[in-house]
Q: 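This is the structure I want to talk about, given as C-alpha cells.
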Amino acid sequence: MRRRARSFLASTILWAAIFAGLGPSATPATARAEESGRFAVLSDIHFNPFADPRLAATLAETEPSAWRSTLAPGQDGPTSRTGEDTNFPLFASALGAFARAMASADFALTPGDLIAHEFNAKAATSLGVAPMSPAAHRMAARTALFVAESLAGTLAGKPAIVALGNVDAGCGDYRLDPHGGYLAATKDLVRRLAGAARVAPDFDATWSAGGYYAVGHPTVPGLLIVVLNDVLWSTHYEDACGSGGRDAAGTAMLDWLRDLLARQRAAGRRIWMVHHIPWGIDAFSTVVKRAATCGEKVVPFLREPYATAFPDLIRTYGDVVQASFSGHTHFDDYRVMTGEHGAAVALDKLSPALSPIFGQNRAFQVFSYDRRSGAPIDFST
C-alpha cells in the first residue's frame, strides 16, 4: 500500500466505452474542475485480529475503541503475504494511503467483507472457544466495529457507505442472522458513517431485517445510493442461527428494491447500487466444478428465484440504475448487464481487494464523477 497509485489506461478506456453505450444520461461527463468530485472505494478488507496470536485474548477482552493501543506496537512489522488475510501492519499502511486519497475525496464506498475468512474457526483456535459460541460471535462484531471505526478515522468527517459481505456475520461465512446480534451491534455505526440525516427513514427496519438500506448521495441532490446485502441471495446462504428460513429476508429485500426503483423512476431520479456479490457467473466455482456437460458446469453467484429476478429488475430499470459497485472476487473487473437485443443496459464495477489471500495486488480505487449528474468519469487504482 506504500506503492505509488497507478492509472490503468485500458481499464479507464473500457469504463468510458461501456458507459457511452448506456445512453446519453449515463455517459461520463467531461466536467470542469469545479463540477468534478472524487470518491474512494475500499473493498474486501478481511482484517484478521488473530494474525498475532499473542494479542488475541487481550483484544477479546477489550472494546474495539481500545484495540489500536494493543495493535500499534506491531504496525511496522511485515505485512500479510499471499495466502493470508489482512494483518494490522497491512491495515495500518492501507489506512494511511486511504487517508491521503480521502483528503481530496467527497465520500467513500466499502462493498463488504470487513473481517477475515473463516473467522469463527480462527476465533475458536485463538481464544479456545467453540466456533458458534457467544464469544466468537461477539468477537466478529467487535472486529467489524474496529475496522469501520478505523475507516472513519481516515475520512475527516466525510461519509462512508458500508455494505455487508459474505464473511460479515457472527454465525459464519454466508450465515448472517436476520434481526440478529451482528446487525444490532453494527447498526448505529453504519448509520453514523453514512450520515444519520441522509439515510432513509426505514434504515433501522431494513438494516435489522437483513443489512440493506438506502441513503441520499452525499453531493448529488435526488440521487439515491442503494446498499444491498445480496449475500441473502447467494447459492451458499443459510440462515443457520435464525428461524426465518432461507428465503424470508431475501424475498423481503427484493420486494423493497422493486418498490424503491419504481418510486425513483416516478420521481425522475436515479440510483447507484453498492453490494458485495457481482452479477452473473461464479467463474472460480464454474472452473473447478465436475460435470458431464458445459451447461451443467456453470455456477451462478445467486440462487433462484433471485438469479433471474434481480437481473430482470435491473434490465427493467436500466434507466434508473446509473452505476453499481461490488467486490467479492478480489479482482479489478467489470460485469455488463445486457438487454433483450444484446445492448448494454447497466454496468457493475468490481473493486480489487485489500486482502492478498488469493494472490492479487493489495489495492483500492479512486473515482472521479460529475457532481451535477452523478455520472462516473474516470478512476485510478
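Positions are given from 1 along the sequence. Values below: all heavy atoms of this structure, side chains included; hydrogens, waters and symmetry mates excluded.
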Q: Looking only at the side chains, is there a donor atom on one of Y306 and D247 sitting less than 3.5 Å from an acceptor on the other?
A: yes
Q: Find the distance between CG (L90) and CG (L95) and round it off to the nearest 0.5 Å.
A: 9.5 Å
Q: Evaluate the side-chain proximity of L114 to T143: yes if any heavy-atom separation is below 4.5 Å, no if none is.
A: no
Q: Determine yes or no for a side-chain-to-main-chain donor-acceptor pair under 3.5 angstrom, with D230 supplying the side chain and W233 the backbone.
A: no
Q: Kindly say whether S234 contributes a backbone atom to a donor-acceptor pair with the side chain of R303 at under 3.5 angstrom?
A: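 Yes; judged by distance alone, with no hydrogens or angles, the pair exists.
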Q: Search all heavy atoms of Y182 against all heavy atoms of T186 and return the closest pair with its distance.
A: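 Here Y182 and T186 meet closest at O-OG1, 2.8 Å.
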Q: Could you walk me through whether R38 and S104 pass the side-chain hydrogen bond (donor to acceptor under 3.5 Å, both in side chains) check?
A: CA-CA 7 Å; R38 286 157 52 98; S104 59; 3.0 Å; yes
Q: Answer yes or no: is there an ion pair linking K349 with D333, defined by an N-O contact shorter than 4.0 Å?
A: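 Judged by the 4.0 Å cut-off on N to carboxylate O distance, K349 and D333 do not form a salt bridge.
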Q: Between W279 and F301, does the ring centre distance come in under 6.0 Å?
A: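 Between F301 and W279, which both carry aromatic rings, the centre distance is not below 6.0 Å.
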Q: Can you give me the closest heavy-atom contact between T82 and G359, atom names plus distance?
A: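 Scanning both residues completely, I find the closest heavy atoms to be CG2-CA, 3.6 Å.
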Q: Using a cut-off of 6.0 Å, state whether more than 12 heavy atoms not belonging to E304 lie near its atom CD.
A: yes
Q: Under a 4.0 Å threshold between the charged nitrogen and the carboxylate oxygen, would R263 count as salt-bridged to D259?
A: yes
Q: Passes side chain to side chain contact (heavy atoms under 4.5 Å, CB included), V366 versus F39? Steps please.
A: CA-CA 6 Å; V366 179; F39 65 95; over 6 Å; no
Q: With distance as the sole test, does D85 use its side chain to make a donor-acceptor pair with the main-chain N or O of H117 at under 3.5 Å?
A: yes
Q: Please evaluate residues L71 and L59 with respect to the criterion side chain to side chain contact (heavy atoms under 4.5 Å, CB included), reporting the C-alpha separation (whole Å), side-chain torsions for both, the decisive distance (0.1 Å), and the verdict.
A: CA-CA 9 Å; L71 294 164; L59 295 176; 4.0 Å; yes
Q: I161 vs W272, test: side chain to side chain contact (heavy atoms under 4.5 Å, CB included). Steps then yes/no.
A: CA-CA 11 Å; I161 289 81; W272 287 8; over 6 Å; no
Q: List the steps and the verdict of side-chain hydrogen bond (donor to acceptor under 3.5 Å, both in side chains) for S326 and D348.
A: CA-CA 7 Å; S326 63; D348 188 29; 2.9 Å; yes
Q: Using modelled atom types and a 3.5 Å cut-off, is there a donor and acceptor pairing between side-chain atoms of E118 and backbone atoms of G172?
A: no
Q: Could you go through the side chain to side chain contact (heavy atoms under 4.5 Å, CB included) check for L350 and F325 one step at a time?
A: CA-CA 6 Å; L350 283 64; F325 301 90; over 6 Å; no
Q: Does any non-hydrogen side-chain atom of L261 lie less than 4.5 Å from one of V321?
A: yes
Q: Find out if a path of hydrophobic residues (ILVMFWY) with successive side-chain heavy-atom gaps under 4.5 Å connects I357 to F91.
A: no
Q: Do R362 and S93 have a side chain donor and acceptor closer than 3.5 Å?
A: no
Q: Surrounding CZ of R246 (heavy atoms of other residues, nucleotides or ligands, distance under 6.0 Å), is the total greater than 12?
A: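 Yes.
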Q: Between S355 and D44, do the side chains contain a donor N or O and an acceptor N or O under 3.5 Å apart?
A: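 There is no such pair (donor and acceptor under 3.5 Å, judged by atom type) between the side chains of D44 and S355.
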Q: Is a donor on one side and an acceptor on the other found under 3.5 Å between the side chain of S208 and the backbone of H179?
A: no
Q: Does a side chain donor of either N87 or S80 reach within less than 3.5 Å of an acceptor in the other side chain?
A: yes
Q: Indicate, with yes or no, if the rings of Y212 and H275 have centres closer together than 6.0 Å.
A: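 Judged by ring-centre distance (under 6.0 Å), Y212 and H275 do not meet the cut-off.
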Q: Quick one: are the ring centres of Y237 and Y174 less than 6.0 Å apart?
A: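 They do not qualify: ring centres at least 6.0 Å apart.
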Q: Between V190, L232, L183, which is the residue that forms a side chain to side chain contact (heavy atoms under 4.5 Å, CB included) with L164?
A: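 Answer to the side chain to side chain contact (heavy atoms under 4.5 Å, CB included) test with L164 among V190, L232, L183: L183.
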Q: Do E238 and R175 sit within salt-bridge range, that is, some charged N less than 4.0 Å from a carboxylate O?
A: no
Q: Regarding E84 and N48, do their side chains bring together a donor and an acceptor under 3.5 Å, going by distance alone?
A: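 There is no such pair (donor and acceptor under 3.5 Å, judged by atom type) between the side chains of E84 and N48.
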Q: For the residue pair S150 and V147, establish whether any side-chain heavy-atom pair is separated by less than 4.5 Å.
A: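 Contact flag for S150/V147 side chains = no.
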Q: So H217 and F107, would you call those rings parallel, tilted or perpendicular, with 30° and 60° as cut-offs?
A: perpendicular
Q: Does D255 use its side chain to pair, donor to acceptor, with the backbone of A252 at less than 3.5 Å?
A: no
Q: Ignoring hydrogens, what is the shortest heavy-atom contact between P111 and L42? Give both atom names and the distance.
A: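 P111 and L42 have their closest heavy atoms at CD-O, 3.6 Å.
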Q: Please check if the side chain of K158 supplies one atom and the backbone of M102 the other of a donor-acceptor pair under 3.5 Å.
A: yes
Q: Does the pair D312/R258 count as a salt bridge with the N-to-O cut at 4.0 Å?
A: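 Looking at R258 together with D312, the answer is no, because their closest N to O distance does not fall below 4.0 Å.
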Q: Do F47 and F119 have ring centres separated by under 6.0 Å?
A: no
Q: What I want to check is whether the side chains of R371 and T219 have a donor and an acceptor closer together than 3.5 Å.
A: no
Q: Counting C-beta onward and ignoring hydrogens, is there a side-chain heavy-atom pair between W67 and R142 closer than 4.5 Å?
A: yes
Q: Please answer: with hydrophobic residues joined when any side-chain heavy atoms are less than 4.5 Å apart, are V299 and F331 in the same cluster?
A: no
Q: Could you check if a side-chain atom of N120 sits within less than 4.5 angstrom of a side-chain atom of M132, using non-hydrogen atoms only?
A: yes
Q: What's the spacing between Q264 CD and L224 CG if we round to 0.5 Å?
A: 5.0 Å
Q: Over 60° means perpendicular and under 30° means parallel, so classify the ring planes of F364 and F98, tilted if in between.
A: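 It falls in the perpendicular class, over 60°.
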Q: If every non-hydrogen atom of V220 is compared with every non-hydrogen atom of G374, which pair is closest and at what distance?
A: CG2-CA, 3.9 Å
Q: For the residue pair H330 and F284, is the inter-centroid distance of their aromatic rings smaller than 6.0 Å?
A: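 H330 vs F284: aromatic centres not under 6.0 Å.
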Q: Look up atom CD1 in I271 and atom CD1 in I225, then write down how far apart they are to the nearest 0.5 Å.
A: 10.0 Å
Q: Tell me the closest heavy-atom pair linking T316 and R265, and the distance in Å.
A: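 Answer, listing the atom of T316 first, then R265: O-NH2, 2.5 Å.
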Q: Please name the pair of heavy atoms, one in V231 and one in I277, separated by the smallest distance, quoted to 0.1 Å.
A: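 Heavy-atom minimum between the residues: CA-CD1, 3.9 Å.
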Q: Between T125 (side chain) and K122 (backbone), is there a donor-acceptor pair under 3.5 Å?
A: no
Q: Report yes or no: do Y369 and D106 form a side-chain donor-acceptor pair below 3.5 Å?
A: yes
Q: Does T251 reach the main-chain N or O of A248 with its side chain, forming a donor-acceptor pair under 3.5 Å?
A: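 Not at all, since once roles are kept as given, no pair shorter than 3.5 Å links the two residues.
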Q: Between the side chain of R335 and the main-chain N/O of I281, is any donor-acceptor distance below 3.5 Å?
A: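 Here the side-chain-to-backbone pair exists.
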Q: Do NZ/NE/NH1/NH2 and the carboxylate oxygens of E296 and R290 come within less than 4.0 Å?
A: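 No, no charged N to carboxylate O under 4.0 Å.
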Q: In the structure I gave you, are the side-chain heavy atoms of I377 and S36 within less than 4.5 Å of one another anywhere?
A: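 Yes, side chains in contact.
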Q: Can you tell if the side chain of D202 reaches within under 4.5 Å of the side chain of W256, non-hydrogen atoms only?
A: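 They are in side-chain contact.
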Q: So, D319 and R270, do they make that salt bridge, N to O below 4.0 Å?
A: no
Q: I45 versus I115: any side-chain heavy-atom pair under 4.5 Å?
A: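 I45 does not reach I115 side chain to side chain.
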Q: Can Y334 be reached from V41 by stepping across I, L, V, M, F, W or Y side chains whose heavy atoms are under 4.5 Å apart?
A: yes
Q: Could you check whether D113 and H276, counting side-chain N and O atoms only, form a donor-acceptor pair closer than 3.5 Å?
A: yes
